Asks: 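Attaching a single structure in structure tokens format; questions to follow.
Values in this document were obtained by computation on a predicted structure and should not be read as measured data. Proteins come first, then strands; the chains are lettered A, B, ... in the order of their sequence lines, and each starts at number 1.
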Amino acid sequence: MSDELSDNPGPTRESGREIAWTVLAVIAVAAIGIVGWHLIVVLFDLPKLLLPTPWQVAEAAWQHRMVLLDSGWITLWTATVSLFVAVIVGGGVSVLFSQSRLLRRALFPYVVFLQTVPIVAIAPLLVIWSGYEFRTAVIATVIICLFPIVNNVTTGLTSVRSEHEDLLRMYGATRWQRLCRVQLPTAVPFLVLGARISSGLAVIGAIVAEFFVSNGADYEGLGAVMTGWQARTMTDALMAALAVSTLLGLILFGGVNLLSRLFLKRYLLVN
Amino acid sequence: MSDELSDNPGPTRESGREIAWTVLAVIAVAAIGIVGWHLIVVLFDLPKLLLPTPWQVAEAAWQHRMVLLDSGWITLWTATVSLFVAVIVGGGVSVLFSQSRLLRRALFPYVVFLQTVPIVAIAPLLVIWSGYEFRTAVIATVIICLFPIVNNVTTGLTSVRSEHEDLLRMYGATRWQRLCRVQLPTAVPFLVLGARISSGLAVIGAIVAEFFVSNGADYEGLGAVMTGWQARTMTDALMAALAVSTLLGLILFGGVNLLSRLFLKRYLLVN
Amino acid sequence: MNAPSDKLDAGTAVLCRDATVTYPGGVCALDRINLSVRQGERLALVGPSGCGKTTLLRVIAGLQPLTGGVCQRSGGGTQRSGGASQRSGVVTQRSKVETQRADSRAGDRRSVATSFVFQQPALLPWANVLKNVTLPLSLGRRRDRPSATEMREQALAAIHEVQLTDAAKRFPHQLSGGMKMRASIARALVTRPEFLLLDEPFAALDDLLRNQLGRLLLQLWRHHRFTSVLVTHNIAEAIQLSERICVMHQGRIVSELDNPLSTSDPHDDLRRTSEFGVFFGRVSDTLEKAASPDMEGSFA
Amino acid sequence: MNAPSDKLDAGTAVLCRDATVTYPGGVCALDRINLSVRQGERLALVGPSGCGKTTLLRVIAGLQPLTGGVCQRSGGGTQRSGGASQRSGVVTQRSKVETQRADSRAGDRRSVATSFVFQQPALLPWANVLKNVTLPLSLGRRRDRPSATEMREQALAAIHEVQLTDAAKRFPHQLSGGMKMRASIARALVTRPEFLLLDEPFAALDDLLRNQLGRLLLQLWRHHRFTSVLVTHNIAEAIQLSERICVMHQGRIVSELDNPLSTSDPHDDLRRTSEFGVFFGRVSDTLEKAASPDMEGSFA
Amino acid sequence: SQRTEVTSGDTADDSIRDVSVQLNWYPEVEHGGVYQSVADGTYESMGLNVEIQPGGRATPVAPELAMGRSQFAITNADDVVLFRAQGADVVAVMAAVQDHPRCILVRADSGVESLDDLSGMTLQRQAGRAFLAFLEKRGYLKDVRQVPYHNSIAAMVTDPKIAVQAYSVAEPLIAEQQGLEVRTLMVSELGWNPYSSVLVTTGDMIRESPEVVREMVEGTVAGWNQYLTSPEEANEAILDANKHGMTEEALRFGAEQMIPLAMPSGKNAEVGTMSSVRWQELVDQMIELELVDTDSVKAEDCFTTEFLTPAE
Ligand SMILES: Nc1ncnc2c1ncn2[C@@H]1O[C@H](COP(=O)(O)OP(=O)(O)OP(=O)(O)O)[C@@H](O)[C@H]1O
Ligand SMILES: Nc1ncnc2c1ncn2[C@@H]1O[C@H](COP(=O)(O)OP(=O)(O)OP(=O)(O)O)[C@@H](O)[C@H]1O
Ligand SMILES: [Mg+2]
Ligand SMILES: [Mg+2]
């Protein structure tokens, strides 16, 4: 998961064998979890409405596979776009913040505001201003994912090692040079860390945004589907949808990891 | 905000003068924001229930000051306890993860699950299992704040510098010694970074949990109050509540920063 | 703050008056240092570990704010007590702001191109040797910045001078300790600086390389007549590479010795001459005397 | 994997056979090294920067896996090719798992207490000097671990030996370069190791301190007769502190020279004797010959 | 339906007008009349191109009207009063449902026979709803633990001590489908009975385009009349718009339940009518419950019946 920061960059570390082991381990845990779940349902004789058995959930998933696929795809798209926007915007804000301590201190409380404001509470306002659009869902989701990026990247940009600071001063680096040559590379591991957190938040954000935004017929993500199923107390289908949302989270999380390994590896090495 | 990581530990850095400047800057930004907001309302002649003027919000805040104070206090308490629990639990999980690569890989997807599952969707289940209690709100909030801690601390624990690894191997450190002497100190800056993100999430989590968990009698936080006001389209009071929630976020955020400065300073210095 | 009265004489490169540095912990690393370096002079600083050599070098470079006294550098900024928080983004006192501006402007203009070989290599871990060495060429606001190919060529030449050609594409974590220091030396030399500050540059190198690089330095000096301040523990090295040797002890300059051998061309047999032996002994004795208990008492 | 045939002779501390290390980038840092170190022997490794000294030391310490050959240490583990991914938590080949276990068990038992002075100080930045020096005493599974006060006293004694008493409470970032190395040396000596590996320990120190610490090492050796391998660029130091000098070049040991002066008590005038001069010249020549173009050709 | 033909004839030469109706919740039987008129082309024949904007959680009905994104909306009468108290010029022009379907659902085995027996129960409710203030004021909620409504009746399955706020046209069926016997306690019987499924528009709209309002009202009344007779076509449209939250069965059940609520007297003529007495009563009640300030809302501003009577 987080080994890039500590492991030597041996090309054979991530061998196929190891990946196979990982997959096996994950499946083993899943198997244990599913059996445990089933036992709980059976032992306590829980009604389906409260907690369906894994098998019932699987059936529901199969029955609603097209809906899950379609809406899952839409939600994934919302989450991905939002994460991307959050990285860009958050990175930009952080760069601004890194340029002036005063600016940072003056504006940081307002970034905390974005983080603290319950999206559930401002979603209606967003809808009023921006309408029942994909755009609105993205804005809401970006608000949710922004803070981890800003917090981490700002910290990264202001964590330049003192020896590098000296170097920059010696050679009269301009702000811009300082930023590109040292600050941004220093911030990369922090960005990756933040983007990982945001990748999960993006999925949850997209779903919550959809609770509010996708009432219209033309835009129907997992969140909208889940609201409907909840109203009909279709607990089994609801749980299938939850499983899909987790899958989306893992996809985004894995994507962030993969991209960072492919393109940012050299910045992740601690020497 | 994040200067501990880069600045020299001069005792006079955080001088009173600088704090005064910061406060001034924050207030200046607030003033600009409030004036802009007022102008927008006046220029576009927006109805009060769409966007009240700052003054109307202030009036509403004053009018409902007792409610805001009481419920804000409850929410702050929920968020604080949850953040604390999240740090303990998340730290524990991370320590487990740091001990075995296989364990880490096998279980990490399930931590991502916690992060991705919309609390809105599982809150009803939680309530059924745990009741309309403070406890339930804490559980829901912990679920929300856990991931940033686990993600960051695990990364920190596995980011031990290779020179320190060598040192530990040379002197035959046990797992436990390795953990206490090197891994945990290495992970501290990562923990602080994660706790900062979680401090905001804790407030939003507590509010969202209260949407589901509050019971009219003895446990009624900001979230519950906001639902009621939203139903009555009391936009002005709602915005006052949002302001309070931001305040709570800032308090927690500041608390995390303060504690880390007081007790963890030596671990935050990059040398 | 650049008051006219502070102007340096034409021939003076550095002038420190009562320069004092007390670190936050209370350690007095520099204790009322008075020092002047002429343009084009080669000065060596020797002294026991922890006596303040690195601190003095950083003061001269403008990297270390003073807690007392003044230090001026021709074409550079003025360090004085009060300009304490140079790395802070928020400066509240007007005088501080000005001092800082003067400093950074000076850094930008680089009216005197300065290079510093730090005691630790301080390479950028995410850049390979070539990129690290190219860095100083690509920084600053110079109008006449060389093209990318020129920069590359100059960097490769500097890398060749420190015998790292084979490792030009390697990253710092793939280098040995000595190789890192050599990359750092190449980075300092690549700009052909007019002012060179060297903090134990050769400590991690073997004698052969040390001599070769020493010769390289002298050769460059004959062409460019740069001003240089060299910190070293190696008295022989100090004698071979400098015109004047300042002996430091516990934050003070306890002795300045003019080097009688400085004009000679460096040749390997220099060390075997009797003049060398005599002067070596003098420096050595000064050092030991400074460290002896009674002297220590006078500084404590 | 600890097959009986691999057992070392009683008097042998280290035995490397065809030990080879090729780094991921393709650099061959050690090229079929054959080396044996006797119990209680003082060995010095000299050679140009980047020739593989640090790598060899790390192989001997068990920190660097081999890509070919074997290296055994008495009471310690066996390094052999195949135990490549020692820091990985997941090892798939059965043989790898076993190798690793053997290694770590050996480390835990510490049947031979080993200390390593790394080329970089490698201090824990969040601990002050005293805590850093106490560290080795508090690690491991030793039953007879000293009490906290004993550990503190031993650490303070070691700190006193490297003349850092005044700085015992300072943190690494408050130390000068030489002081960091001294703290690192104190940390290595505090356990009174039976096997001492030193990677250019005195490079950042002035001659006076260097001599004092050298004398300290010899004194300890007379009492404890530990085995030691010292990497240094300083030929004089190698002569004063070792019984045998191995000259390395480009990953190979090109020459082993028995030190005729090793038995003598170290005194400051040793350097002025003619025997010293002669042996110094021999080592020096060997080094230079190794680096000369025609030799270079034979290694390339 | 004859009237519809006449009107459509009057406006035949006018260009088609686009109007949007904002619903206050996910599409359901409460919006049946509107869907009916869209589905069977009633609106179209009157020259209106009606677009239905579905609602959902926390739908900002009044702001949508104020912003002019929708010209009409469906909401409850008590919300109209609240909106007006907040300064939004929202006016009711037609009320489809005379008796409010609001009810409290309890399990048959809970021992609760009427709303008087609620004490000791846990009520899942949406905080801030006006009927709660009413129940509270009248003392029905003494010793009742009020907790948030989870948009589902799942909690009742495990706990007989739980009561859930509901609409009599929807949740009882869901409970039945889950094999749960429930009792439906109507709040309207206690005297809290605002109109439901109220068609609202803005004062500006009434002043500037009264003919559009009139057409809209007439079309919607016609739609409701049709829906209460044969809901199949509209139900299909509703299901299409809310396929995850609705089922055919639920819609059929809801439409059936709707008939007595929309026509307590059983006469078609009653559909859509409003009386100033009931509006006045509602406003008085809300003032009494301190939901709105005295004098902030006048009952006569809340509604107009001018579009319910045939044009002169
Ligand atoms: N950042 C710091 N904070 C506090 N004290 C410091 C700091 N840096 C250096 N010192 C102290 O200041 C004194 C002088 O340090 P300096 O680095 O200048 O020594 P030096 O002459 O370069 O020594 P060496 O030859 O060992 O590098 C030392 O006592 C050191 O402990
Ligand atoms: N982690 C690594 N990855 C790749 N190459 C490496 C690595 N470490 C060292 N090397 C290379 O291996 C060779 C030997 O390195 P080593 O550190 O053993 O040299 P050394 O003899 O200690 O040199 P020095 O005297 O400069 O410290 C060098 O060419 C170096 O570039
Ligand atoms: Mg120094
Ligand atoms: Mg080395």
Asks: Which pair of heavy atoms, one from C:G47 and one from D:D206, lies closest together, and at what distance?
Replies: O-CB, 4.3 Å
Asks: Find the distance between CG (C:N234) and CG (D:N234) and round it off to the nearest 0.5 Å.
Replies: 8.0 Å
Asks: Which one, D:A204, D:A167, D:C51, leads in non-hydrogen pairs under 4.5 Å with chain C?
Replies: D:A204
Asks: Of the non-hydrogen atoms in C:S49 and D:S176, which two are nearest, and what is the gap between them?
Replies: OG-OG, 3.8 Å
Asks: Give me the atom names and distance for the closest heavy-atom approach of C:G177 to D:Q119.
Replies: CA-NE2, 3.7 Å
Asks: Less than 4.5 Å to any heavy atom of chain D: does that hold for the side chain of C:Q163, its backbone, both, or neither?
Replies: neither
Asks: Working to the nearest 0.5 Å, report the span between OG1 of D:T54 and CE of C:M179.
Replies: 11.0 Å
Asks: Between C:V27 and D:R170, is there a side-chain heavy-atom distance shorter than 4.5 Å?
Replies: yes
Asks: What part of C:R182 lies closer than 4.5 angstrom to a heavy atom of chain D: side chain, backbone, both or neither?
Replies: side chain
Asks: Would you indicate whether the side-chain heavy atoms of C:H233 and D:D207 approach each other to under 4.5 Å?
Replies: no
Asks: Looking at chain C, which one of D:A203, D:A29, D:G25 has the largest number of heavy-atom pairs inside 4.5 Å, strictly under?
Replies: D:A203
